[in-house]
Amino acid sequence: MQRREFLTKSSLVLGSSLLPLPALLQAGSTQNAAEIQLKAGDWTSLRKQFVLSYDYIHLATFLLASHPKPVADAIARHRHAFDVNPSDYWHEHFMTIDADIAAAAARYMGGKAENIALTDSTTMGLALVYSGLQLRPGDEILQTVHDHYSTDLSLQLRAERTGAKVRQVALYDNPAQVSVDQVVSRLKAAISAATRVVAVTWVHSSTGVKLPVHAIAAMLADVNQQRNEADHILFCVDGVHGFGIEDIDVSTIGCDFFIAGTHKWIFGPRGTGVVWGSDRGWSRCKAVIPSFSRSYDVWLGGSTQDQVPMGEHMTPGGFHSFEHRWALPEAFELHLQLGKANVQQRIHQLNTLTKQGLQQIKGVTLHTPMAAELSSGLVCFDYKTMAPDDVVKAMHGKGIIMSSTPYRQSYARFAPSLINNEQEIEQTLAALRTV
Ligand SMILES: Cc1ncc(COP(=O)(O)O)c(C=O)c1O
C-alpha cells in the first residue's frame with residue numbers, strides 16, 4: 001500500500017482490514033498503572049519498584065534512571081509486541097500514540113498536549129530548539145556561563161552554521177552566596193538591543209544552583225513590553241534537573257521553551273525527553289528533523305500544515321526505540337500517584353539534611369546554596385584538598401555512588417533522590433568523615 005493511501009485510510013479502516021491484535025499486544029497502559037498503585041508519598045514502597053542493587057547507596061541516579069517496575073513492565077510489553085509482529089503493532093498505534101504520550105506529559109507538566117514535542121533526550125531537545133529558532137542577521141542569543149555542554153555546543157554549532165551571535169553572562173561568582181536579585185539584575189544588564197533569545201539552565205549541574213525562573217520571566221516580560229513584538233526576547237530553559245522535583249506547571253513559568261530529558265528525575269525510559277513550547281515560541285521555530293506525524297500527510301498533499309499540532313510537527317520522525325518512548329506515560333503516572341507536592345517536599349528534605357550534615361564536616365566546602373528557593377536535588381562540594389574524582393572514587397570504595405561535575409571547574413556531587421532515605425544520607429555523611 002502506498003504511504004499516502006495508508007495515512008488517509010489507516011485511522012478509518014486499519015482495524016477492520018487486519019486481524020485484531022491479541023490483548024497482550026495492546027498498547028494501552030491503564031492496566032499496568034492500575035496494578036501498581038503507590039500511595040502518595042510512600043517512599044519505602046517506591047524503593048521496591050526498582051531492581052537497583054541496594055548493596056550500594058545510589059546518589060547519582062539523576063544521571064540516568066533505573067526503570068521502576070511500571071515503566072519496565074510497559075517496555076517489556078511493547079518490546080514483546082514489536083518482536084511478535086513489528087509492522088502490525090506499529091501500524092495499529094502510530095497514528096494516535098504520540099498524542100497520547102503528549103497528553104500524559106501535559107497532565108504531569110501542565111500546558112496543552114499539542115504544544116509538547118517528544119524527543120530522545122535533553123540534548124536532542126536543546127539542539128532542535130536552538131537550531132530551529134528563526135533569527136535575523138545581527139540578532140543575538142544570550143546564554144550563561146553556567147550552562148551544560150549540550151546548550152553550549154548547540155549554540156556554538158548554530159553560530160558556526162549561520163553566523164548567529166552568541167554571548168555569555170555570569171549570573172553569579174560564588175554559587176553558595178547567589179541571590180535572586182543578583183541573578184535577575186546581572187541577566188538584565190547583559191541584555192542588549194540585539195538580544196532575541198535568552199537561554200538558561202534551571203538547575204545547574206555544575207553548582208546545584210536553581211535559577212529563579214519565574215523572576216527572570218517577569219523581568220523579560222517587562223523588557224519585552226518596551227519593544228515591538230518582532231523584537232521580543234524568547235526565554236528558553238533547559239529544565240532537566242528541576243523536572244521531576246519541583247512542583248510546577250511549566251506553562252506558568254513565563255518561558256517560551258522548557259526542554260528536559262525524562263530519563264533522569266522522572267524515571268522515564270532511557271532515551272526519552274520532551275520539549276514544551278509556548279504558542280509564541282513555536283511560531284518562531286522551524287523543524288530541523290522531519291516528523292513522522294501528520295506532517296507526512298501534508299507532504300503527501302492530504303492535509304495542510306496548520307492542521308498539525310506544533311508539538312507533533314516538531315517531534316523528530318523516523319523510527320525510534322518505540323518500546324521506550326511508548327512506556328513514558330507510566331513514568332508520569334507514577335509521579336502523579338506519588339504526588340508532585342510530596343515529591344518536591346521529600347527531595348528538598350533529603351537535600352537539606354545532606355547540606356546541613358556536610359556543613360558540619362571539617363574540610364567540606366559547600367558550593368550549593370542552603371536556600372530551597374535557590375537549590376533543588378544536587379549538592380556540590382569540595383572535600384579537603386582532594387580532587388573531586390578522588391572523593392568519588394574513595395566513596396565508591398565504601399559502596400556509595402556519587403559523581404563529580406563534568407565541568408572545567410569540577411566539584412564532588414551528592415544527589416539525594418526519591419530512592420534514598422535518611423539512613424542512607426547519615427551513612428554517607430559518616431563515610432565521608434572517614435575518607
Ligand atoms: C543541565 C543538563 N542539561 C542537559 C544534560 C544532558 O541530558 P541528556 O542526557 O538528557 O541529553 C545534562 C546531563 O546530565 C545536564 O546536566
Side-chain angles (χ1 to χ4, degrees), residues 52-66 144-152 170-179 182 201-211 240-242 245 264-265 347-372 374-435:
L52 275 169
S53 160
Y54 290 115
D55 293 343
Y56 293 95
I57 295 178
H58 297 273
L59 293 165
T61 48
F62 71 93
L63 283 175
L64 196 54
S66 167
T144 81
V145 300
H146 317 285
D147 297 319
H148 185 256
Y149 158 89
S150 47
T151 289
D152 274 11
L171 301 178
Y172 51 83
D173 302 318
N174 177 353
Q177 302 296 325
V178 66
S179 71
Q182 182 182 42
T201 302
W202 189 11
V203 179
H204 295 161
S205 44
S206 47
T207 59
V209 167
K210 177 177 72 182
L211 291 187
V240 71
H241 290 302
I245 302 177
K264 295 183 191 284
W265 299 90
I347 295 180
H348 277 277
Q349 176 204 343
L350 293 178
N351 274 263
T352 300
L353 191 66
T354 299
K355 287 185 274 189
Q356 286 168 343
L358 285 172
Q359 273 187 324
Q360 281 164 22
I361 298 177
K362 206 161 159 252
V364 165
T365 308
L366 186 60
H367 297 294
T368 303
M370 283 302 292
L374 289 158
S375 62
S376 191
L378 302 173
V379 180
C380 297
F381 66 100
D382 274 317
Y383 188 48
K384 300 182 182 167
T385 52
M386 287 175 78
D389 279 343
D390 291 338
V391 177
V392 173
K393 229 179 275 168
M395 294 298 277
H396 201 283
K398 293 170 182 283
I400 297 165
I401 302 177
M402 290 186 169
S403 57
S404 60
T405 62
Y407 289 82
R408 282 176 215 104
Q409 169 70 64
S410 181
Y411 301 125
R413 188 170 49 187
F414 185 144
S417 76
L418 293 181
I419 58 105
N420 300 116
N421 55 34
E422 290 84 345
Q423 197 191 342
E424 287 185 331
I425 304 299
E426 295 302 343
Q427 269 176 265
T428 303
L429 292 167
L432 191 61
R433 281 188 202 100
T434 67
V435 163

Taking side chain as C-beta onward, heavy atoms only, is S376 less than 4.5 Å from I347?
no
Gap separating the CD atom of Q182 from the CG atom of N174, nearest 0.5 angstrom
8.5 Å
Is the closest side-chain heavy-atom distance between S205 and R413 below 4.5 Å?
yes
Do the side chains of H146 and T201 get nearer than 4.5 Å, heavy atoms only?
no
What distance separates M402 CE from D389 CG, expressed to the nearest 0.5 Å?
13.0 Å
At what distance, to the nearest 0.5 angstrom, does OG1 of T144 lie from CG of L211?
7.0 Å
Between the side chains of H148 and S150, is a donor N or O closer than 3.5 angstrom to an acceptor N or O?
yes
Listing request: all ring pair (Phe, Tyr, Trp, His ring centres under 6.0 Å) pairs with a residue in residues 393-435, at least two apart in sequence or in separate chains.
Y56-H396, H367-Y411
Reported OG1-to-CD1 distance for the pair T61 and I419, which is rounded to 0.5 angstrom:
4.5 Å
Heavy-atom distance under 4.5 Å between the side chains of N420 and L59, does that happen here?
yes
Is V391 close to L432 at the side-chain level, that is, under 4.5 Å between some pair of heavy atoms?
yes
Is the shortest side-chain heavy-atom distance between I57 and M395 below 4.5 Å?
no
Backbone N or O of T207 within a donor-acceptor pair of the T368 side chain at under 3.5 Å?
yes
Can you see whether N351 engages T354 through a side-chain donor-acceptor pair at a distance of less than 3.5 angstrom?
no
Any heavy-atom pair between the side chains of H204 and C380 that's under 4.5 Å?
no
Distance alone, cut at 3.5 Å: any donor-acceptor contact between the side chains of H241 and W202?
no
Is the count of non-hydrogen atoms from other residues, nucleotides or ligands lying under 6.0 Å from Y54 atom OH greater than 12?
yes
Can you tell me how far apart CG (L429) and CD (Q359) are? Round to the nearest 0.5 Å.
11.5 Å
Can you tell me if K264 uses its side chain to pair, donor with acceptor, with the backbone of L63 under 3.5 Å?
yes
So, T365 side chain and F381 main chain: donor-acceptor pair closer than 3.5 Å or not?
no
State whether a side-chain donor-acceptor pair under 3.5 Å links E422 with Q349.
yes
